[in-house]
Student: 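Please read through the structure below; I'll follow up with questions.
Values below: all heavy atoms of this structure, side chains included; hydrogens, waters and symmetry mates excluded. Whatever order the structure lists ligands and atoms in, that order sets their numbers, starting from 1.
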Amino acid sequence: MKVFVTGGAGYIGSISAETLLDAGHEVVVFDNLERGHAEAVDPRAEFVKGDLRDRVGILAAMKAARPDAVMHFAAYALVGESMVSPELYWGNNVVGGLNLAEAMLKLGVDKIVFSSTCATYGMPRRIPMTEDHPQAPANPYGISKLMFENVLIWNEALRGMKPVFLRYFNAAGATGKYGEDHDPESHLIPIVLQTAIGHRKNVVIHGDDYDTPDGTCIRDYVHISDLAQAHLLAIEKGVTGGFNLGNGEGYSVKEVLQAAREVTGREIPAAVGPRRPGDPDRLVACSTKAKEKLGWKPARAELKTIIESAWLWHQAHPRGYSG
Ligand code: UDP
């Protein structure tokens, strides 16, 4: 298949493109390189520099590529930023998504795998979270992703599209070639490893007074290659709808720190700071549906395996892609 990968220079997009190429598919990466990295574009892929907010440009790029399917990763993905600048999220994630969907409908491309998030559920009402958990996002980022899920649901009902939404829990880890490099970095595992390398003085734990055994927030970390495999399955199988992707196992911030100390053999100092607004105490996925309907088999579910792969990448790229 020929797959048009928006955001293929970003963290999850680059590794999904790599996985598609390894499986023998053709890939066209469409990315504006605003937050992605040219070095993260797999050299086996065709690269088109473009922005989803350019309605004419995305139609022209897709027309030239003539893909069989789309994987849509290009988006802004910072909860805190979305609370300060929601317009960025409506513009890129919603309007950009609409332009992409319009180009697909015009060109008769019906299959799309959309990079969605557990943030579409909002504050958890039950753990582990299944796909029928109420969707009540607590920030513009989650709303922007849910809005585009809804666009795709109606495009399936009324226009014959075949959408899959993959709702990730906490993506982490790296492959030999590609890893996580955000500027600024806000995610726990890269921050912990940047501290292990010595680029940060200490990790700030965002609150230790949550309703969890050690007081720090619990998250479900899932290896980026396992996520990428789910995208491949979603493209290859004739299914539609939403699927949670997580390991069903939650780890606290302190447990992540401890695991990283064991993996790296470094001290990794940490200090407790205030809570980060909007953080739920626990987010843990039930991914039974993905296992049953997609045949998803996560192969790197161990937290230490996930951290080890990220540690290798961070050591090879101590300053990220740009060096
Ligand atoms: N976290 C932390 N210190 C940091 C970064 C993150 O304590 O420097 C916590 C954060 O508050 C959350 C967990 O680690 O409870 C995972 O955060 P991350 O940003 O990686 O993912 P999120 O769950 O927000 O998508």
Student: Would you confirm whether the ring centroid of Y76 sits within less than 6.0 angstrom of the ring centroid of W90?
Tutor: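 Ring centres of Y76 and W90 not closer than 6.0 Å.
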Student: Any donor-acceptor pair under 3.5 Å linking the side-chain atoms of Y121 with those of R167?
Tutor: yes
Student: I need the nearest protein heavy-atom contact for atom 24 (O) of ligand 1: residue, atom name and distance, please.
Tutor: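 Scanning the protein heavy atoms, the shortest distance from atom 24 (O) of ligand 1 goes to R276 NH2, 2.5 Å.
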Student: So, for S116 and K145, which heavy atoms are closest and what is the spacing to 0.1 Å?
Tutor: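 Minimum heavy-atom contact is OG-CB, 4.1 Å.
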Student: For atom 11 (O) of ligand 1, what is the nearest protein heavy atom, given as residue, atom name and distance?
Tutor: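 Result for atom 11 (O) of ligand 1: D279 OD2, 2.5 Å.
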Student: Heavy-atom distances under 4.0 Å are what count here, so tell me which part of V204 touches ligand 1: side chain, backbone, both or neither.
Tutor: backbone
Student: Regarding S252 and D214, is there a side-chain donor-to-acceptor distance under 3.5 Å anywhere?
Tutor: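 A pair is found: one side chain offers a donor N or O, the other an acceptor, under 3.5 Å apart.
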Student: Could you tell me the residue and atom name of the protein heavy atom closest to atom 9 (C) of ligand 1, and the distance to it rounded to 0.1 Å?
Tutor: V253 CG2, 3.7 Å
Student: Counting only heavy atoms not in R275 (residues, nucleotides, ligands), do more than 12 fall under 6.0 Å from its CZ?
Tutor: yes
Student: Quick one: look at L188 and ligand 1, take heavy-atom pairs under 4.0 Å, and tell me if it's side chain, backbone, both or neither.
Tutor: both
Student: Taking 4.0 Å as the limit for heavy-atom contacts, which would you say applies to S186 with ligand 1: side chain only, backbone only, both, or neither?
Tutor: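 Backbone only.
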Student: Classify the contact between R219 and ligand 1 as side chain, backbone, both or neither, using a heavy-atom distance cut-off of under 4.0 Å.
Tutor: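 Just the side chain.
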Student: Could you list the atoms of ligand 1 found under 4.0 angstrom from a heavy atom of I205?
Tutor: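 This gives 7 (O) as the contact atoms.
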Student: Just need the protein heavy atom nearest to atom 21 (O) of ligand 1, so name the residue and atom and give the distance.
Tutor: N170 ND2, 3.0 Å
Student: Give a yes-or-no answer on whether the side chains of Q194 and H314 include a donor-acceptor pair shorter than 3.5 Å.
Tutor: no
Student: What residue and atom, counting heavy atoms only, is the protein's closest point to atom 16 (C) of ligand 1, and at what distance?
Tutor: Y221 OH, 3.6 Å
Student: Which bit of Y141 is near ligand 1, meaning a heavy atom under 4.0 Å away: side chain, backbone, both or neither?
Tutor: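 The answer is neither.
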Student: In terms of side-chain geometry, is the basic nitrogen of D68 or K2 positioned less than 4.0 Å from the acidic oxygen of its partner?
Tutor: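 Looking at D68 and K2, the cut-off is not met.
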Student: Using a 4.0 Å heavy-atom cut-off, say whether H206 meets ligand 1 through its side chain, its backbone, both or neither.
Tutor: both
Student: Considering only heavy atoms of I191, which atoms of ligand 1 have at least one such atom less than 4.0 Å away?
Tutor: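 Per the distance check, 8 (O).
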Student: Would you check if there is a donor-acceptor pair between the side chains of H37 and S322 at a distance under 3.5 Å?
Tutor: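 No pair is found: no donor N or O on one side chain lies under 3.5 Å from an acceptor on the other.
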Student: Closest non-hydrogen protein atom to atom 15 (O) of ligand 1, residue and atom name please, with distance?
Tutor: C217 CB, 3.0 Å
Student: Determine whether a donor-acceptor pair (N or O, by modelled atom type, separation under 3.5 Å) exists between the side chain of T117 and the backbone of T120.
Tutor: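 No; zero donor-acceptor contacts below 3.5 Å.
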